[in-house]
Structures are given as C-alpha cells and as structure tokens.
Amino acid sequence: MSSNGGAPYRSDEPTSFELQPPRAPQSNPSAPVPHPDNPYAAPAQAAAPAAPAATPDPDPGTGRLIAGRYRLLAKLGHGGMGTVWRAKDETVDREVAVKEPRVPDHLPERERANAYERMRREARAAARLDHPAVVNVHDVAVVDGRPWIVMELVQGRSLGAALQEGTLGARDAARIGLEVLGALEAAHAAGILHRDVKPDNVLLGRHDRVVLTDFGIAQIEGETNLTDTGGFVGSPEYIAPERVLGQRPGPASDLWSLGVVLYAATEGVSPFRRSNTPATLQSVLNAVPAAPASAQGPLAEAINGLLQKDAARRPNAAQTRALLEQAANPPVQAATQVVRIPESVKRGIRLGPKALLGIAAAVVAGAVAAYLVIADPFAGPLPDHWKVREEKALGASVAVPDGYKRTVPDKTEDDHWVTYTDESGAIWIGLRLDKKAEDTGSSIADSAAAEMYDDNSDFKDGSAYDLGISSAGAKTKPEGEITYQGKKAAENTVVYTTSDSQNPRPREMRVFYYKTSAGDMYKLTVNYPGRGDFTDRGREVARTTIANLDIEQH
C-alpha cells in the first residue's frame with residue numbers, strides 16, 4: 001500500500017473555497033452521517049479545538065542543512081515513505097518544501113532501492129510537466145545515496161484537510177476538478193499516469209490556485225514498473241476497477257480517480273470506502289454508488305460518467321472538461337442552491353385554506369412582511385435573455401428568463417396554473433387563477449388586499465397550511481395600498497427556512513395578488529434562495545416578473 005509522504009504545503013492557510021458544513025441528523029447535530037447504502041462512509045469529523053499547550057520542542061532534524069543549501073525549518077507532514085519539511089534555500093533566500101526519503105530499515109535491500117528510485121521518478125515526472133496545477137520541482141539533492149526532492153512551497157492546505165470541515169458546493173468542486181483535470185491532461189500528454197489522484201494529493205493554494213502533487217507512484221511510459229512483489233500501490237477507495245483487476249491502466253484510470261474525488265468533494269466521502277481494504281476493493285469492482293445528492297446537472301453527469309466500471313464508457317478528458325466548465329460557470333439565471341420542488345408546487349400555487357401553499361414541508365422562520373406595492377407595467381424593454389410567455393388558458397402573459405422549464409396541469413385537473421423553474425430548481429415562478437365562477441365555497445376574498453391578509457392570518461395561526469408552522473406563527477407588516485392597471489393590488493414577501501433537518505435552507509417568496517372586475521383572483525409567486533449568491537438574482541427575477549405581468553381582463 002502506498003502512502004503519500006506528506007505534501008508541500010503550509011497548513012496554516014485557510015482555503016478560499018467556500019465549505020459547507022457536513023450534514024448531520026437533527027437528534028445529534030455533531031454526529032457524522034453515513035452515505036446511503038455505505039455504513040462505513042461517515043465523513044471524518046474535525047477534531048475539537050484543543051486547549052492551548054506549551055510550545056513543543058523542535059522536531060529532530062530541525063536546523064539541519066541539506067546539500068549545503070537547504071535549511072530544514074519545520075515538518076509539514078509525513079507518510080510511510082517520506083517526510084516533507086518547510087525549508088529555506090539559503091542560496092537564493094526563499095522558502096521551499098523538501099521531501100526527505102524515509103524507508104524502514106527492515107525492508108529488503110531491493111525494496112529500499114525501489115523506494116528511492118520511485119522518489120527519483122516522482123521528481124522526474126513532475127519536472128517534465130509545465131502546468132500551473134502541477135507542483136514545481138526545483139532540485140533533487142542526493143545525500144548518502146538518498147534522494148531529497150526540493151519543490152515549491154504551496155501556501156495553503158490539501159483538499160483532504162479542507163473536507164474534514166465540510167463539503168464543497170458544485171461550482172467550487174467543478175473549479176477544482178478543472179484544475180486537476182488540466183494537470184492530468186498535461187501528465188497524460190507526456191506519457192505519465194499519476195495513479196494516486198485523491199483529496200490528500202490536491203492542494204488548495206492562495207489566489208484560488210489548485211495543485212496536483214505526489215507523483216510518487218506515477219507510471220512513466222517506457223520505464224520499468226516498480227510495483228513491489230506482493231505490494232499494491234495507490235489508495236484503494238480511489239483506484240479504478242481495471243487496476244484492481246491487474247489490467248493495464250490508461251488515462252481513463254486517472255479520470256476514474258478524479259470522479260471519486262469530485263464525489264467526495266460534494267458528498268463528504270468516497271462512495272467506495274469500507275471498513276477494510278479487501279471490502280473497499282470489492283466495492284470498487286461491484287458496488288453501484290448512490291447518486292450524488294449535492295451535485296446536480298453537469299457535475300453529476302461528469303461524476304456518474306467517470307465512475308463507469310468499464311473504462312471504455314467513461315467520458316474522455318475533453319468531454320469531462322466540457323461538463324465541468326458548465327458546472328463551474330452556470331448561466332446567470334442558474335443557481336447552485338438546489339431545491340427539490342414537491343408535486344404540490346408543480347400543481348400550482350394556491351394560497352388559502354383550500355390547499356397547500358405550494359412549498360410542502362417548509363417552516364416559516366422569519367417575519368412575513370406584507371405590504372401593498374405599485375406594480376405598474378415595467379417601463380422599457382425586458383432584460384436580455386428574457387421572454388414574454390402568453391398563457392391563453394389563464395388570460396395573462398408572464399415574463400420569464402430563457403431556459404426556465406414550463407409545467408402545466410394535467411388535462412384531467414380543474415386547476416388553472418402554470419409554473420416556470422430554472423434548471424437547478426432554486427428559482428421558480430408560479431401564476432395561478434382562481435375563477436369566481438368556480439368558487440363554490442366563497443373562498444376568494446373581496447379584494448386583493450383582503451386575500452393577502454387572509455393568507456397572512458393563516459400564516460400567523462399556522463393551522464391552514466401543512467407547513468409545520470410553530471405555534472408562535474409569523475409576523476405581518478402592512479404598509480398601504482397601490483394600484484395595478486388602475487386597480488388595487490397587493491404583494492406579500494415571505495421569509496422562511498425549509499424544514500430539512502439535515503440541511504435547512506433559507507428561502508424567500510414574493511406573492512402578487514390582483515382581483516379582476518369579474519371577481520377572478522390572480523396570484524403570481526416567485527420563490528428563491530433567502531441568502532447567498534443568488535438571492536439578489538431571485539429578487540431581480542421577482543421584480544421583473546411582477547412588473548411585466550399582463551392580465552387581459554381588468
């Protein structure tokens with residue numbers, strides 16, 4: 001089994017990538033959550049902060065001068081075959097990382113020689129590559145027959161260390177994946193297979209730099225295989241099936257490992273991790289990973305493709321890059337915060353005691369600010385990449401961004417509604433028409449404002465909706481009356497948190513009310529993330545959609 005001999009980075013630097021806390025059950029928020037169908041896949045927990053301790057004694061070897069120029073300053077990490085030091089190159093006055101070979105004395109001479117040759121190959125492999133995502137090798141200093149690798153010191157920490165604190169969002173995971181993919185493409189073009197792509201070998205440096213390191217078990221085309229007799233190199237939970245079977249690996253094998261890294265980055269753990277090495281290897285060969293829960297769209301497509309057991313069915317580097325670029329740079333209207341829309345929403349938004357609000361299993365957590373606003377038609381042209389969609393069955397036209405998916409009721413239903421949802425599901429627009437002629441229960445209020453206040457009353461007592469509202473209910477704040485197309489209208493802003501105990505999400509919703517002279521009630525709803533990068537986008541969609549609503553009858 002190969003172990004990375006530490007990595008050339010400083011661990012005291014925070015990552016610039018945003019980490020999401022690991023999901024935990026409500027009964028014990030501090031407990032790790034195993035991935036479905038994988039009881040051994042609980043993500044590791046960050047250690048509790050330790051009490052201040054006395055300054056430890058310097059590591060043995062600190063201050064030693066290597067090859068007459070590299071002064072060892074402090075240990076950065078260590079593994080079975082090496083220790084990485086922070087050092088100072090006194091010749092050019094810069095800090096570097098120096099990898100010291102550490103081979104157990106009990107190993108046979110042949111295996112010791114193989115270990116030293118592997119380190120030399122690591123240096124040669126990295127030195128042959130000219131890519132910003134590959135660690136730069138400056139020198140190989142031979143001391144008493146042992147090769148010390150001198151390389152750049154990356155200011156940051158490993159992806160593996162970062163994932164101890166939480167998971168990455170889809171965009172950050174895709175950005176990291178693109179950089180690692182670039183390093184692998186450069187390596188493969190030079191005839192080099194990395195063979196040990198895993199989070200511990202991906203460094204997150206300053207200025208969003210991502211570096212693939214530790215080419216210690218890389219296979220260089222044309223050179224003799226150094227696998228020890230009876231040995232197995234690599235990290236089992238990241239190794240491709242063909243390597244487990246002893247077949248000749250290729251670039252697709254490294255891409256498989258990249259797929260596992262992306263899965264671990266978003267889900268918190270490799271899908272193949274088991275309690276022991278044989279079980280892990282067996283899962284690599286036979287287990288079908290649970291679909292990633294956090295990665296959606298192009299990123300999920302990339303992960304699922306790269307984890308195909310048959311190497312010939314995996315996407316190549318170019319196909320993988322195209323998917324990761326889509327995930328890393330989504331269209332403006334796409335959002336990374338994924339919200340699964342229940343069937344009640346797809347059936348349309350109906351506020352009032354007759355049905356659900358349209359957000360099943362949600363909890364109103366913040367204040368409900370109710371106010372009447374001026375909603376005259378939008379002055380001037382629509383923003384770029386917007387369209388006006390005519391809904392003849394509703395007697396209205398709705399402005400929506402390009403790419404939003406339209407959903408309408410089944411022909412067997414009597415409801416009159418339409419919804420538009422962006423590809424991620426994070427932002428959705430719903431228009432509903434309650435017809436006076438069909439209102440046999442007289443549930444439509446006398447005015448738009450009265451309808452709004454009726455809804456607010458239901459929010460406050462928490463009894464009319466299947467939303468799990470606390471007994472305290474919610475607060476409302478009316479602010480006056482306005483007009484829409486010359487008649488009174490109303491608007492309601494609802495702030496709430498989803499009731500998902502493992503991953504509650506802040507949400508915000510704006511509902512526009514308008515009652516026609518015929519007594520029909522229109523309700524236009526826009527729902528979007530309540531905090532984060534796409535909150536402003538959601539509010540912009542709400543403003544533009546409400547301002548451009550065109551109802552035929554007045």
Side-chain angles (χ1 to χ4, degrees), residues 171 296-298 325-327 329-341 343 345-351 358-359 373-411 413 415-434 484-487 489 491-493 507-514 516 520-529 532-554:
R171 292 187 67 185
Q296 303 290 325
E325 285 177 344
Q326 291 180 49
N329 304 288
V332 175
Q333 71 267 24
T336 58
Q337 185 185 49
V338 177
V339 176
R340 293 171 178 80
I341 301 179
E343 289 300 319
V345 172
K346 295 178 182 178
R347 292 195 299 270
I349 310 305
R350 183 198 296 272
L351 296 179
I359 314 167
V373 296
I374 296 176
D376 288 330
F378 182 76
L382 283 173
D384 291 340
H385 309 297
W386 280 67
K387 291 182 179 179
V388 173
R389 306 293 295 268
E390 183 179 3
E391 298 294 342
K392 293 183 178 180
L394 300 181
S397 296
V398 186
V400 298
D402 287 347
Y404 276 38
K405 181 180 179 181
R406 179 177 181 266
T407 305
V408 295
D410 186 89
K411 292 182 179 180
E413 299 180 11
D415 288 347
H416 311 284
W417 55 263
V418 64
T419 61
Y420 291 91
T421 312
D422 78 327
E423 293 181 358
S424 73
I427 304 175
W428 52 263
I429 302 166
L431 177 63
R432 176 173 191 85
L433 169 62
D434 289 326
Y484 168 77
Q485 296 182 344
K487 295 183 179 290
E491 185 179 326
N492 190 14
T493 298
R507 302 287 296 176
E508 193 168 292
M509 179 174 67
R510 290 178 64 178
V511 187
F512 174 77
Y513 301 78
Y514 178 71
T516 69
D520 297 339
M521 183 68 68
Y522 282 89
K523 297 180 184 181
L524 177 63
T525 304
V526 184
N527 193 298
Y528 46 90
D533 292 343
F534 291 92
T535 300
D536 288 343
R537 172 59 179 172
R539 290 171 179 167
E540 175 192 350
V541 170
R543 286 192 301 269
T544 305
T545 300
I546 292 172
N548 283 275
L549 176 63
D550 186 10
I551 298 173
E552 294 177 3
Q553 57 172 317
H554 306 313

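All values reported here derive from a predicted model rather than from experimental measurement. Computation of the quantities below employed the complete heavy-atom set of this structure, encompassing side-chain atoms and omitting hydrogens, waters and symmetry-equivalent molecules.
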_Considering all heavy atoms, the nearest Glu390-Ser397 contact_ = CA-OG, 3.8 Å
*Side chain of Thr545, backbone of Ala399: donor and acceptor closer than 3.5 Å?*
yes
*Residue pair Thr544 / Pro383: nearest heavy atoms and the distance that separates them*: CG2-CD, 3.9 Å
_Closest non-hydrogen atom pair, Tyr522 against Gly395_ = OH-O, 3.7 Å
*asked:* Working to the nearest 0.5 angstrom, can you tell me the gap between Tyr528 OH and Glu508 CD?
replied: 3.5 Å
*What pairs with Glu540 under side chain to side chain donor-acceptor pair (under 3.5 Å), at least two apart in sequence or on another chain?*
Arg537
*How long is the gap from CG on Asp402 to CG on Leu382, to the nearest 0.5 Å?*
10.0 Å
_Between Glu391 and His416, does the side chain to side chain contact (heavy atoms under 4.5 Å, CB included) criterion hold? Intermediate values first, please._
CA-CA 10 Å; Glu391 298 294 342; His416 311 284; over 6 Å; no
*At their closest point, which heavy atom of Pro298 faces which heavy atom of Ala327, and how far apart are they?*
CB-N, 4.1 Å
*Decide yes or no for Val541 and Tyr404: does some side-chain heavy atom of the first lie under 4.5 Å from some side-chain heavy atom of the second?*
yes
_Could you measure the distance from the OH atom of Tyr420 to the NZ atom of Lys405? Nearest 0.5 Å is fine._
13.0 Å
_Side chain proximity check, Arg543 to Arg510, heavy atoms < 4.5 angstrom_ = yes
_Using side-chain heavy atoms (C-beta onward) and a distance below 4.5 Å, is Leu524 in contact with Ile429?_
yes
_For Lys487 against Tyr514, the heavy-atom pair lying closest together_ = CD-OH, 3.2 Å
_Asp422 (side chain) donor-acceptor with Ile427 (main chain) under 3.5 angstrom_ = yes
*Quick one: pull up NZ in Lys523 and CG in Leu431 and give me the separation to the nearest 0.5 Å.*
11.5 Å
*Hey, does Val388 have a side-chain heavy atom less than 4.5 Å from the side chain of Asn548?*
no
_The criterion is side chain to side chain donor-acceptor pair (under 3.5 Å); which residues satisfy it with Arg389, sequence neighbours excluded?_
none
*Any donor-acceptor pair under 3.5 Å linking the side chain of Thr525 with the backbone of Val511?*
no
